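Just so you know, ligand 1 is whichever comes first in the structure, and atom 1 is the first atom listed for that ligand. A quick note: this is a predicted structure, and the numbers were derived from the prediction, not measured.
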Amino acid sequence: MGVVAGTELLTVNGRALADFLDWEFLTAEDELVIEARLPDGQEVVYEVERPEGETLGVELEPPTVRRCANKCEFCFIEGLPQGLRKPLYMRDDDYRLSFAYGNFATLSNVKERDIARILEYRLSPLYVSVHATPHEARKVLLNNPRVPDIMAQLTRLAEGGIQFHGQMVVVPGMNDGDVLEASLRDLWSLGDAVLSVALVPVGVTQFSHLYTGRSMDAVNAGLILDAVERWEERALAERGDRWVFGSDELYLLSERPLPGAEHYGDFVQIENGVGSVAMLRTRVSEGLDELPRLDGKRIGVVTGVSMGALMPELIEKLTERTGASFELLIMENSLFGATTTTAGLLVGADIRRALADRHDLDLALIPAETINDDGLFLDDERFITLRETLPMPVFPSYDFIDVLALEGEPHLSGRAA
Ligand code: SF4
């Protein structure tokens with residue numbers, strides 16, 4: 001219809017468009033009157049009758065992301081060192097992205113008109129950073145005296161048929177103990193509206209300058225898991241699912257065995273590190289049959305301190321199946337400091353340190369999560385540049401199988417990553 005790049009979409013069926021949500025929902029009709037302004041300033045009206053199921057073929061500019069109004073002591077972004085690329089410091093808190101992509105949002109910056117949209121468009125499920133339901137405790141945690149009452153917000157949305165996945169970052173001395181118990185009780189009272197709750201231990205870096213809480217230790221982690229067990233028992237009895245989950249990190253910190261894959265059902269909170277280890281174990285077990293013999297190959301596996309402890313059991317299976325010899329290279333995080341032990345937060349400099357002198361390795365695997373969609377590590381190192389300086393082929397891998405299954409194919413073996 002002559003819609004060209006740079007066209008401004010103004011209204012659909014007489015309603016003004018504010019953003020991608022309006023466009024998505026208002027164009028769900030089959031008969032549309034769309035007002036637009038072309039890049040040359042000309043205003044046009046399109047009357048569109050769309051066959052069912054067909055898209056309009058319009059690509060929108062990325063939305064302007066809503067900024068966060070809080071200043072949480074435990075904010076990971078406040079714990080970033082200076083000098084990284086600018087987008088890493090952007091603190092988004094956007095219910096629209098919560099619905100569209102599953103990003104967690106606190107709803108602190110949600111206004112009355114936003115509530116009306118959530119209800120009208122039925123933006124469900126939403127992913128909500130609850131952290132605590134008692135209002136005073138939440139104000140302190142979010143470091144924001146103007147934060148709205150989350151229970152009032154959630155109750156209103158729940159009454160309108162909206163469902164949620166909740167998360168609580170648990171800070172010892174702030175929202176563990178009684179606050180945690182009260183929060184779980186409140187969320188439970190919302191019934192089916194709350195689909196799941198993930199409890200995640202606070203993680204601070206050496207740069208977390210706002211943090212005044214106590215550090216998370218084995219005892220605290222164990223107490224949080226005790227609360228998880230109490231509530232999951234009740235949830236299983238009364239609603240037939242676990243409802244509340246502890247993140248993998250809590251099990252690792254408390255040195256309790258990690259549950260198996262069946263514990264996590266559909267892995268609804270995996271983005272929160274809930275069940276990631278079980279998922280990895282399952283992928284490796286299920287993928288072993290796809291692996292070729294790799295006798296004599298020497299393979300380096302770079303990982304972080306947390307995963308390092310869990311790797312030997314996986315490496316044993318991989319060794320037995322392929323005949324290759326694997327070497328674990330467990331790296332401390334040079335950018336965030338030793339307290340940051342997650343493999344996915346290792347940076348280019350750590351990978352370089354692990355592999356630069358390893359002329360004895362035939363192949364190296366690095367955590368795929370360390371690289372973003374633009375091929376950059378958190379320290380701005382570019383993967384393809386780094387890879388060229390290393391003495392062996394290096395592959396980002398999520399689960400070993402994704403890379404090793406292709407190693408037996410002669411035309412792919414030693415392929416460029
Ligand atoms: S809500 Fe808190 S943790 Fe999240 S971005 Fe804002 S300040 Fe950081």
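Under a cut-off of 6.0 angstrom, the local environment of CZ in Arg382 is sparse, with at most 12 non-hydrogen atoms contributed by other residues, nucleotides or ligands.
Residue contacts with ligand 1 include Thr106, since one or more of its heavy atoms lies under 4.0 Å from the ligand. In this structure, Asn70 has a heavy atom closer than 4.0 Å to ligand 1.
Look at Cys68 and atom 6 (Fe) of ligand 1: an N/O/S atom of the residue is under 2.8 Å from the metal.
For atom 4 (Fe) of ligand 1, no protein heavy-atom neighbour is present inside the 4.0 Å cut-off.
Set against the non-hydrogen atoms of Cys75, the atoms of ligand 1 under 4.0 Å away are 3 (S), 5 (S), 7 (S), 8 (Fe).
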As a quick check of understanding, evaluate side-chain contact (heavy atoms from CB on, under 4.5 Å) for Ser334 and Val347, giving each step before the final call.
CA-CA 8 Å; Ser334 61; Val347 295; 3.8 Å; yes

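Rounded to the nearest 0.5 angstrom, Thr133 OG1 and Leu184 CG are separated by 8.5 Å.
Between Tyr121 and Phe25, the two ring planes are parallel [angle under 30°; tilted spans 30° to 60°].
For atom 2 (Fe) of ligand 1, the nearest non-hydrogen atom of the protein is Cys72 SG, 2.3 Å.
Ring pair His131/Phe74: centre-to-centre distance below 6.0 Å.
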